[in-house]
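Reading through the structure tokens given below for one structure.
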2 protein chains.
Amino acid sequence: MSVNSEEFRQLLKEKGLKLTTQRRMVLDVLQENEGQHLTAEEIHEIVRVRCPEIGLATVYRTIQLLHELKLIDKLNLDDGYIRYEIGKFNDDHHHHHHLICEVCGKVIEVEDDLMESIEERFLSKYNFAVTDHKVKFYGICKDCK
Amino acid sequence: MSVNSEEFRQLLKEKGLKLTTQRRMVLDVLQENEGQHLTAEEIHEIVRVRCPEIGLATVYRTIQLLHELKLIDKLNLDDGYIRYEIGKFNDDHHHHHHLICEVCGKVIEVEDDLMESIEERFLSKYNFAVTDHKVKFYGICKDCK
DNA sequence: ATTCCTGCAAAAACTTTGCACCATG
DNA sequence: CATGGTGCAAAGTTTTTGCAGGAAT
């Protein structure tokens, strides 16, 4: 499920990169906060508890790296921040979507593969081979009705 | 299809706002560039051809206003810009999705209502009433294969 | 040792705000 | 002529970059 230090070191090695305390800690924070949608600033604040000297720039650089390594997923909830979460699609493309309540702003995560039939249709209709998707549904959650 | 000056004036009046040359021109540009995904800066440059004295700040303010009036649609292609396009969902919720090619970056627009069955499912499964959605599919287009 | 990384501060990029003057209704 | 809008410039935010010192292999 989660990536241990040796696996991480190996992934970095393939790109000629090194495993540093800072990289390990940023990944740890993301892994420990699965299901959260954290901004760079939020990640920085959490990491700083254990590693007070870490700079925000390093967090930004690490986040980009983790995204390139496909360890984390980027998402945009239209609030002016880019948010990140640990990638759940490591285990065989099990995507999830976000239901965003327009009243309370709550974000509900949904695991669902219903999108697959649509993706097949795009292949036959437009000859476009979908490899990933990002879906946001806006609406009203059960508590706000 | 497109919003004329009187309709626009009426929409503004309901909010106690005035119809100005600048607002009319920004809306014109968006309407004339249907299918494009324009940034504030791009809109500014196009409007400036006809109205050289318009300021970028006015474009930003107008864009926000048009979005509140639901005349334009906001979209994010993860390139660091917020982009806008004339809303096609005026005519009875006929949404469209974006197919983004990971090789050439081309954005293909797709009109499709296949999402409806999924939305119905969210209602029964999560009691979440979807009112809107934003969908981006990433993949490889036919030209890049 | 060499190469890569980090922290800091400065810069960049995008967007918002304040204010005096101007335009609309 | 009252109210709201505009342009400009300044300030705000979020993110990126340059560089000298520090850490990893």
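Throughout, protein chains are lettered first and strands after them, A, B, ... in sequence-line order, and every chain is numbered starting at 1.
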Interatomic distance, [X] [atom1] vs [N] [atom2] [rounded to whole Å]:
X       : N      : atom1 : atom2 : result
A:Lys15 : C:dT3  : NZ    : P     : 20 Å
A:Glu68 : D:dT16 : CD    : C1'   : 14 Å
B:Arg48 : D:dT6  : CZ    : P     : 16 Å
B:Ile82 : D:dT15 : CD1   : P     : 12 Å
B:Asp79 : C:dA13 : CG    : P     : 14 Å
B:Ile54 : C:dC22 : CD1   : P     : 18 Å
B:Leu56 : D:dC8  : CG    : P     : 11 Å
B:Leu12 : C:dA23 : CG    : C1'   : 14 Å

Residue pair B:Thr39/A:Lys18 against DNA chain C: nearer the 5' end by closest nucleotide is A:Lys18
Ranking B:Thr20 and B:Ala57 by the position along DNA chain C of their nearest nucleotide, the one closer to 5' is B:Ala57
Where the side chain of [X] is defined as all heavy atoms beyond and including C-beta, which of [options] is the nearest nucleotide?
X       : options                : value
B:Tyr81 : D:dT15, C:dC14, C:dT15 : C:dC14
B:Leu17 : D:dG4, D:dG7, C:dT15   : D:dG4
A:Glu53 : C:dT16, C:dG7, D:dT25  : C:dG7
A:Leu19 : D:dT25, C:dT15, C:dT6  : D:dT25
A:Tyr60 : C:dG25, D:dT14, D:dG7  : D:dT14

When the ring centroid of B:Phe128 is compared with that of A:Phe137, is the distance short of 6.0 Å? no
What do you reckon, is OH of B:Tyr81 surrounded by more than 12 foreign heavy atoms closer than 6.0 Å? no
Check the surroundings of atom NZ in A:Lys106: do more than 12 heavy atoms from other residues, nucleotides or ligands lie under 6.0 Å from it? yes
Can you find a heavy atom in the side chain of B:Val135 that is under 4.5 Å from one in the side chain of A:Lys134? no
Check every strand shown and say whether B:Glu41 touches a base, only sugar-phosphate, or nothing at a heavy-atom separation below 4.0 Å. nothing
Would you mind telling me which residue lines up with the more 5' stretch of DNA chain D, B:Val59 or B:Gly16, judged by nearest nucleotide? B:Gly16
Can you tell me if the side-chain N/O atoms of [X] get under 4.0 Å from OP1 or OP2 in [N]?
X       : N      : answer
A:Arg9  : D:dT25 : yes
A:Gln22 : D:dA23 : no
B:Gln64 : C:dT16 : yes

Taking N and O atoms by type only, does the side chain of B:Arg61 place a donor or acceptor under 3.5 Å from a partner on the base of D:dG7? yes
Is there a donor on the side chain of A:Lys13 or the base of D:dT25 sitting less than 3.5 Å from an acceptor on the other? no
How far apart are the closest heavy atoms of A:Leu11 and A:Leu69, and which atoms are they? O-CD2, 4.2 Å
Using the side chain to side chain donor-acceptor pair (under 3.5 Å) rule, pick out the option among B:Glu42, B:Arg83, B:Glu109 that qualifies with B:His37. B:Glu109
